Amino acid sequence: MAQRRNVLLIVVDQWRADFVPALGAGFLKTPNLDRLCREGVTFRNHVTTAVPCGPARASLLTGLYLMNHRAVQNTVPLDSRHMNLGKALRGIGYDPALIGYTTTTPDPRGTTDKDFRFTLLGDLMEGFRSVGAFEPSMDGYFGWLAQKGYALPENREDIWLPEGEDSVPGATNQPSRIPAELSDTAYFTERALTYLKGKGEKPWFLHLGYWRPHPPFIAPVPFNTMYDPAEMPKVVRGETWQEEAKQHPLHSFYLNGISQGSFFHGAGGAASELDEATIAQMRATYAGMISEVDQALGEVFAYLDATDQWKDTLVIFTSDHGEQLGDHYLLGKIGYHDESFRIPLVIKDPDAPQAAGTIEECFTESVDVLPTILDWLGGTPPRACDGRSMLPVVRDGAPSDWRDHLFYEYDFRDVHYSKPEGVLGLGMDESSLCVVQDAKWKYVHFAALPPLLFDLEADPAQLNNLADDPAHAATVAHYAQRALSHRMKHAERTLTHFRSTPRGLEERQP
């Protein structure tokens with residue numbers, strides 16, 4: 001009998017790479033993530049190729065760069081012609097189960113403008129089967145709470161206010177009003193265990209999504225006081241937010257426009273006004289939510305151990321994007337800063353026990369996840385896929401022809417909750433950037449704004465833009481050429497390996 005092949009793809013939300021103990025965050029208590037790192041490969045230089053959530057998940061689940069899938073912002077539709085992981089898994093006999101969300105706006109050409117999904121931030125990507133709904137509008141979670149007998153407040157999101165009627169919204173070590181056993185993290189975990197227990201002996205694929213450590217930044221007991229703010233990593237930023245704003249017009253726009261209300265339910269004030277003590281408390285709460293997710297993962301791992309499925313399961317742990325957490329006076333996942341794009345990636349391949357505990361330094365991107373999963377299950381990645389299978393890296397280290405830089409993108413066109421176009425004097429198709437980054441240099445190219453260049457060895461905090469310095473003109477030109485070459489190499493290529501000949505249609509092997 002053939003070995004059963006299971007895949008557990010864990011996708012947490014807004015978890016940045018430097019909050020992984022194996023990569024230096026020794027203050028964190030994450031025994032289950034630690035176990036995964038001991039038994040698998042942890043990638044130090046991994047990025048999402050797009051932010052925020054919708055574009056990031058589109059890249060993760062299609063294997064395509066933003067320049068190709070073009071779901072460029074939350075609320076922008078994903079073209080239905082694109083292959084994705086769910087569709088590809090169906091094609092090789094797997095049922096692609098999904099817990100959580102994908103923040104996907106549907107292709108309007110396949111429905112009408114009356115479709116209720118166009119009133120949402122995003123719905124479920126075509127091809128997956130939801131077994132633990134969060135969308136639309138968290139109804140799945142709030143319905144679960146009501147079914148559990150929890151009396152929901154008139155404004156359902158008030159469950160994420162600090163406990164106590166007189167509590168002040170904002171960064172706090174006060175617990176949320178919802179207890180840990182009824183948190184969204186508990187909900188997703190129950191859905192996962194329900195699904196896995198229903199599968200019996202059949203092979204499975206599960207996208208296990210968690211909303212945390214996404215804001216609002218508030219944790220239930222006991223996670224709210226698990227960490228001392230004094231233990232948190234120090235904020236990375238310039239002397240003042242006004243000084244940082246001089247770096248670039250896009251940075252200035254966000255420094256003048258981000259409020260605290262989206263990150264602390266009920267709070268007001270600008271994100272740029274947060275002082276270091278408040279940021280330290282926010283980070284302690286963020287760390288608490290991370291530990292809550294880790295404890296939940298322990299329940300899932302324990303079930304796989306108890307049923308002897310762990311040894312047959314490829315486990316991939318990653319996030320959709322990072323979080324600024326006050327660095328550069330910002331909150332959220334925006335712009336061109338590393339904190340928004342660098343994310344965790346851990347792969348536990350049961351076929352590669354020799355790799356256990358490895359820290360891999362090579363450059364990897366979120367578009368590599370889809371081809372890795374299909375490769376492990378014996379499938380073939382779509383021709384259009386921009387990523388590469390990481391199984392050779394996991395098993396034998398990076399091959400000699402592996403990528404020599406990271407590439408990622410951000411589109412900042414107007415959406416209903418953020419409108420930079422008028423402020424920056426840009427049209428929607430000019431509101432974009434791409435980044436080429438290696439160990440030495442980070443180059444940021446804008447479609448219609450000045451570029452940025454950072455010397456990562458001399459200026460790891462990326463506070464000193466060298467793009468206008470004549471002494472670095474050759475470096476700017478070199479990395480601009482690399483960006484152009486990268487885009488040309490990865491231009492849409494679904495059918496470009498076919499050609500007609502006097503003998504008929506030929507299919508070339510790349």
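From a predicted model like this one, the values you see are computed outputs, not experimental measurements. Throughout, residue positions are numbered sequentially from 1 according to the sequence presented.
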Gap between atom CZ of R403 and atom NE2 of H405 - 0.5 Å precision = 8.0 Å

message = Can you confirm whether the side chains of T364 and H46 place a donor and an acceptor under 3.5 Å from each other?
response = yes

Verdict with supporting geometry, Y336 and Y410, ring-ring contact (aromatic ring centres under 6.0 Å, His included) = CA-CA 7 Å; Y336 48 83; Y410 180 59; 9.0 Å; no

query = Does a donor on one side chain and an acceptor on the other come within less than 3.5 Å for E292 and S183?
reply = yes

ask   = Which pairs pass side chain to side chain donor-acceptor pair (under 3.5 Å) with one or both residues in residues 224-237, sequence neighbours excluded?
value = Y227-S291

message = Using the salt bridge (charged side-chain N to carboxylate O under 4.0 Å, His left out) criterion, which residues pair with E39? Sequence neighbours excluded.
response = R35

task = Going by the ring pair (Phe, Tyr, Trp, His ring centres under 6.0 Å) test, name the single residue among W144, F134, W211 that passes it with F188.
result = F134

message = Could you tell me if E360 and T358 have a donor-acceptor pair between their side chains, going purely by distance under 3.5 Å?
response = no

request  = Consider only side-chain N and O atoms of T194 and E190, and report whether a donor and an acceptor are under 3.5 Å apart.
outcome  = no

inquiry  = Between D320 and K333 (salt bridge meaning N to carboxylate O under 4.0 Å), is one present in this structure?
reply    = no

query = Going by the angle between their ring planes, with limits at 30° and 60°, are Y141 and Y187 parallel, tilted or perpendicular?
reply = tilted

ask   = Are any side-chain N or O atoms of E339 and backbone N or O atoms of L325, one a donor and one an acceptor, separated by less than 3.5 Å?
value = no

ask   = So, D123 and Y101: side-chain donor and acceptor under 3.5 Å apart, yes or no?
value = no

N/O donor-acceptor pair under 3.5 Å between E135 side chain and S137 backbone = no

query = Without hydrogens or angle criteria, can the side chains of E365 and Y65 be said to hold a donor-acceptor pair below 3.5 Å?
reply = yes

query = Does the ring center of H337 lie less than 6.0 Å from the ring center of H328?
reply = yes

message = Considering only residues two or more places apart or on different chains, which pairs with a residue in residues 384-402 satisfy salt bridge (Lys or Arg N to Asp or Glu O under 4.0 Å)?
response = D349-R395, D351-R395, D386-R493, R388-D401

query = Any donor-acceptor pair under 3.5 Å linking the side chain of K348 with the backbone of W310?
reply = yes

query = Do any N or O atoms from the side chain of T313 and from the backbone of V315 form a donor-acceptor pair under 3.5 angstrom?
reply = no

ask   = Are side-chain N/O atoms of E244 and H251 paired as donor and acceptor at under 3.5 Å?
value = yes

query = For atom CD of E181, is the number of surrounding heavy atoms from other residues, nucleotides or ligands below 6.0 Å larger than 12?
reply = yes

inquiry  = Can you confirm whether the side chains of D294 and T30 place a donor and an acceptor under 3.5 Å from each other?
reply    = no

task = Give me the ring orientation class for H486 and F407: parallel if the planes are under 30° apart, tilted from 30 to 60°, perpendicular past 60°.
result = parallel

ask   = Which residue pairs pass the salt bridge (Lys or Arg N to Asp or Glu O under 4.0 Å) test with at least one member in residues 452-462, sequence neighbours excluded?
value = K440-D455, K440-E457

ask   = Does the side chain of Q14 pick up a donor-acceptor pair with the side chain of E323 at under 3.5 Å?
value = yes

query = Taking atom types as modelled and ignoring hydrogens, do the side chains of S340 and H321 form a donor-acceptor contact shorter than 3.5 angstrom?
reply = no

note = Checking Y254, F446, F412 against H248 for ring pair (Phe, Tyr, Trp, His ring centres under 6.0 Å), the one that qualifies is F446

Partner of Y210 under side-chain hydrogen bond (donor to acceptor under 3.5 Å, both in side chains), chosen from T189, D184, T185 = T189

Any side-chain heavy-atom pair of C434 and E409 under 4.5 Å = yes

key: By ring-ring contact (aromatic ring centres under 6.0 Å, His included) - contacts of F454 (at least two apart)   = none

message = For Y479 and Y443, take the angle between the two ring planes, folded into 0 to 90°, and tell me which bin it lands in: parallel under 30, tilted 30 to 60, perpendicular over 60.
response = tilted

inquiry  = Could you check whether W241 and E273, counting side-chain N and O atoms only, form a donor-acceptor pair closer than 3.5 Å?
reply    = no

inquiry  = Going by salt bridge (Lys or Arg N to Asp or Glu O under 4.0 Å), name the pairs with one or both residues in residues 17-33, residues two or more places apart or in two chains.
reply    = R16-D18

task = On the 0 to 90° scale, with breaks at 30° and 60°, tag the F142-W160 ring pair as parallel, tilted or perpendicular.
result = tilted

ask   = Hey, are N173 and Q281 close enough side-chain-wise for a donor-acceptor pair under 3.5 Å?
value = no

ask   = Between E157 and R177, is there a side-chain N and carboxylate O pair less than 4.0 Å apart?
value = no

ask   = Is it true that R212 and D13 have a side-chain N and a carboxylate O under 4.0 angstrom from each other?
value = no

ask   = Side chains of D275 and T278: do they bring a donor and an acceptor to under 3.5 Å?
value = yes

message = For T49 and S59, which I'm curious about, is there any donor-acceptor pair between the side chains at under 3.5 Å?
response = yes

query = Do D338 and Q437 have a side chain donor and acceptor closer than 3.5 Å?
reply = yes

